[in-house]
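These notes are about the structure you will find just below.
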Amino acid sequence: MAPRVLPLPRQHSFCPPTVRNPFVHPGRLSAGDKLREEGMKNMIVLQGIILLPLRAICIAFIVLLAWLFASIATFRHPGKGSVPLKGWRRGMIQTALSCLTRTLFFVMGFQVKVKGKVANLLEAPIFVAAPHSSFFDAIITALTGMPSVVSRAENLSTPVFGTILSSLQPVAVSRQDPDSRKNTVTEITKRALSGGQWPQILIFPEGTCTNRSCLITFKQGAFVPQVPVQPVLLRYPNKLDTVTWTWQGYSLKELCAMTLCQLFTRVEVEFLPVHVPTDEEKNDPILFANRVRQTMATALNVPVTDHTFEDCRLMISAGQLTLPMEAGLVEFTKISKKLNLKWSHVREQLDTFAAIASASKGGRIGIEEFAEYLKLPISDVLRELFLLFDRNGDGTIDFREYVIGLSILCNPANTEETIRMAFKLFDMDEDGTITEDEFASIIQSALGVPELDVSMLFKEIDADDTGKLSYDEFKNFALKHPEYAKLFTTYLDLQRYQLDMLEEDDIESPEVKHSPVRKSAIPVSETTPTARNKVCPEGNEEDNSSTSDKKDD
């Protein structure tokens with residue numbers, strides 16, 4: 001018999017990115033030899049004994065001085081952020097705070113190298129900076145005349161720093177406000193189109209910190225106003241990285257202490273030419289953002305990925321579920337748009353995946369764990385379903401493949417029509433209920449395992465514990481476990497495939513037409529011919545039970 005060809009082509013856009021996790025940073029000093037690492041540690045300690053206290057004192061003095069100027073500039077200013085600072089107030093911020101910020105970074109040991117020309121307010125109302133990997137990225141504000149930034153509203157109430165931040169008149173984002181994202185974009189648009197009334201805006205469009213190995217998805221806020229933007233690149237070309245602040249790695253205190261113990265820390269800030277949007281880009285903020293991102297990625301010589309902050313949340317959730325943190329990285333924005341998924345739904349699927357993969361190593365599901373979860377033995381039908389989930393053919397299913405499989409394979413198959421068809425197949429005596437014997441008979445014949453014990457699975461479906469399954473019980477279980485719907489349609493699909501192959505064999509070899517081999521090749525027992533005729537008549541050429549098999553994923 002010829003090998004079966006999968007009916008589902010693999011869409012290239014669903015392939016995972018070939019980059020390392022952008023949200024983690026190795027929390028160690030060096031991956032080199034031990035002697036060099038120990039020598040570096042000793043040097044940092046010796047330098048820190050002198051540098052750390054001196055720098056800490058200077059930093060405290062500069063911050064207090066900046067707070068004083070910020071307080072003067074905002075003293076009795078009407079509007080509380082709703083009216084732009086003008087005249088001497090704005091001049092004080094641009095000169096005094098800019099100078100103090102430069103001095104602050106100099107005291108901390110930063111050697112700043114600037115490339116390119118800074119655009120003025122009329123040339124580019126918005127700066128977009130990437131990659132965003134550290135709180136030290138704030139150096140850009142000193143180089144661009146202290147522009148406004150996007151900040152959490154809670155930061156404005158922080159002692160000392162809140163006053164300094166308020167003087168920059170940031171676009172405040174409130175997590176308590178359900179319309180926060182919409183209001184933020186509206187405020188950015190209003191300021192960008194104010195004709196110079198408001199200062200320029202500095203935005204880190206990635207929305208979260210990464211390890212600079214790639215550029216993740218840019219949020220659209222900086223590109224909705226349809227105004228020119230100036231891309232700004234950040235590089236930290238240091239042998240010892242003490243600035244990268246990601247979701248897994250050094251803490252804020254550790255990074256500050258290590259950086260202040262360094263003799264100097266290099267940072268390169270490059271201002272690329274202003275990107276003026278085309279008419280096409282003005283009408284499509286996503287296209288505008290992607291083209292700017294690609295320009296910046298090319299200049300940085302790094303790849304782009306579709307990861308977002310939502311992937312960080314899933315990554316953290318995966319770690320809490322004792323899965324490898326990388327398990328949660330599914331490129332949520334791309335997957336959610338293509339499959340119409342919500343974050344909460346994917347988060348629920350992560351719980352189920354963790355329950356299945358808890359016994360495996362590496363946070364991946366093998367066919368043994370898959371069979372155990374479904375409470376079924378490994379059979380040809382189960383192998384076929386597993387193969388449909390296993391998109392890269394490595395013999396395991398990761399969380400990304402699991403989410404795609406449920407959305408493309410199982411949920412489309414789990415229709416009212418399919419559930420009714422399956423119930424009709426199991427209800428052999430057509431009395432409106434399914435007994436355990438009827439249930440076992442069909443499962444055993446479908447999987448080719450005559451001695452299979454399905455009592456545990458039957459009891460799980462039998463919610464009212466009556467010993468019989470009603471249609472409502474059967475439907476409720478099917479809706480919660482769409483894998484069984486696809487298992488059912490896969491069984492029917494394999495049945496048709498084998499029938500077609502036998503008919504071809506009969507045409508080629510008429511002398512074996514009445515051979516008993518033909519009967520044994522069909523995975524349906526002789527005790528269920530009526531059920532097979534009810535569900536899949538031999539003369540029916542139309543395939544209505546597995547339409548999802550033809551869907552291009």
Side-chain angles (χ1 to χ4, degrees), residues 10-11 13-28 31 208-211 213-214 216-217 246-249 303 305-336 338-339 341-376 378 382-383 385-411 480-484 486-487 553:
R10 301 306 198 193
Q11 194 177 98
S13 62
F14 273 131
C15 295
T18 56
V19 299
R20 63 189 179 97
N21 188 342
F23 304 115
V24 300
H25 178 61
R28 301 303 100 211
T208 189
C209 288
T210 70
N211 55 24
S213 62
C214 60
I216 64 174
T217 300
T246 56
W247 292 89
Q248 187 180 47
T305 73
D306 290 309
H307 292 111
T308 58
F309 175 68
E310 285 72 18
D311 286 284
C312 290
R313 297 170 65 191
L314 286 171
M315 183 184 74
I316 294 171
S317 297
Q320 294 171 344
L321 294 170
T322 69
L323 290 172
M325 297 186 74
E326 288 77 6
L329 300 181
V330 297
E331 292 188 300
F332 177 79
T333 295
K334 179 169 70 175
I335 296 296
S336 62
K338 292 179 72 68
L339 302 180
L341 298 175
K342 294 184 178 180
W343 188 89
S344 58
H345 184 57
V346 177
R347 178 62 183 80
E348 291 175 0
Q349 292 177 342
L350 181 62
D351 287 333
T352 303
F353 180 85
I356 305 172
S358 59
S360 65
K361 296 181 179 179
R364 304 174 75 91
I365 299 173
I367 193 168
E368 293 81 8
E369 291 82 18
F370 196 61
E372 182 179 355
Y373 166 68
L374 295 176
K375 297 180 176 62
L376 296 172
I378 298 175
L382 191 69
R383 285 192 180 94
L385 177 59
F386 185 86
L387 185 60
L388 290 174
F389 271 86
D390 181 15
R391 303 178 62 82
N392 61 2
D394 67 351
T396 61
I397 301 172
D398 62 18
F399 181 57
R400 182 191 182 95
E401 292 171 325
Y402 182 72
V403 171
I404 295 173
L406 286 180
S407 301
I408 290 178
L409 302 172
C410 300
N411 290 333
K480 293 178 181 178
H481 301 83
E483 298 92 345
Y484 288 99
K486 187 57 189 174
L487 192 68
D553 67 342

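A quick note: this is a predicted structure, and the numbers were derived from the prediction, not measured.
- At distances below 3.5 Å, not a single donor-acceptor pair connects side-chain atoms of Asp311 with backbone N or O atoms of Leu329.
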- prompt: Does the side-chain contact (heavy atoms from CB on, under 4.5 Å) test come out yes or no for Ile365 and Tyr373, once each step is laid out?
  reply: CA-CA 10 Å; Ile365 299 173; Tyr373 166 68; over 6 Å; no

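- Taking a cutoff of 4.0 Å between a charged side-chain nitrogen and a carboxylate oxygen, Arg400 and Glu331 qualify as a salt bridge.
- Ring planes of Trp247 and Phe309: tilted class, angle from 30 to 60°.
- To the nearest 0.5 Å, the span separating CD on Glu310 from NZ on Lys342 amounts to 14.0 Å.
- Ile216 contributes atom CD1, which lies 6.0 Å from atom OG1 of Thr210 (distance to the nearest 0.5 angstrom).
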message: side-chain contact (heavy atoms from CB on, under 4.5 Å) for Ile397 and Glu401? Distances and angles first, verdict last.
response: CA-CA 6 Å; Ile397 301 172; Glu401 292 171 325; 3.9 Å; yes

Could you go through residues 348-357 and list every donor-acceptor pair under 3.5 Å that involves a side-chain atom there, pairing it with any protein atom two or more places apart or in another chain?
unit_1 : atom_1 : unit_2 : atom_2 : d
Gln349 : NE2    : His345 : NE2    : 3.1
Asp351 : OD1    : Arg347 : NH1    : 2.6
Asp351 : OD2    : Arg347 : NH1    : 3.2

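- Here Tyr402 pairs with Glu483 under the side-chain hydrogen bond (donor to acceptor under 3.5 Å, both in side chains) rule; sequence neighbours left out.
- Atom-to-atom distance recorded for Cys410:SG and His481:NE2 is 12.0 Å, nearest 0.5 angstrom.
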- request: Could you walk me through whether Arg383 and Ile367 pass the side-chain contact (heavy atoms from CB on, under 4.5 Å) test, one step at a time?
  value: CA-CA 7 Å; Arg383 285 192 180 94; Ile367 193 168; 3.5 Å; yes

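- Looking only at side-chain heavy atoms (C-beta outward), Asn21 and Met315 come within less than 4.5 Å of each other.
- Taking OH from Tyr484 and CG from Leu374, the interatomic distance works out to 4.5 Å, rounded to the nearest 0.5 Å.
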field: Residue pair Val330, Leu314: steps toward the side-chain contact (heavy atoms from CB on, under 4.5 Å) verdict
entry: CA-CA 9 Å; Val330 297; Leu314 286 171; 3.9 Å; yes

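- Put simply, CG on Asp394 and CZ on Arg364 are 4.5 Å apart, with the number rounded to the nearest 0.5 Å.
- Not one N or O on the side chain of Asn211 forms a donor-acceptor pair closer than 3.5 Å with the backbone of His25.
- Of all the heavy atoms in Ala371 and Leu382, the pair that sits closest is CB-CD2, 3.4 Å.
- Nearest approach of Ala318 to Pro324, heavy atoms of both residues: CB-O, 3.8 Å.
- Between Ile404 and Leu339, the shortest heavy-atom contact is CA-CD1, 4.1 Å.
- Atom CD1 of Ile316 and atom CZ of Phe23 lie 10.0 Å apart (nearest 0.5 Å).
- Heavy atoms only, all atoms of each residue included: Val346 and Phe399 are closest at O-CZ, 3.5 Å.
- For the pair Pro22 and Ser213, the tightest heavy-atom approach, listed with the atom from each and the gap, is CA-OG, 4.0 Å.
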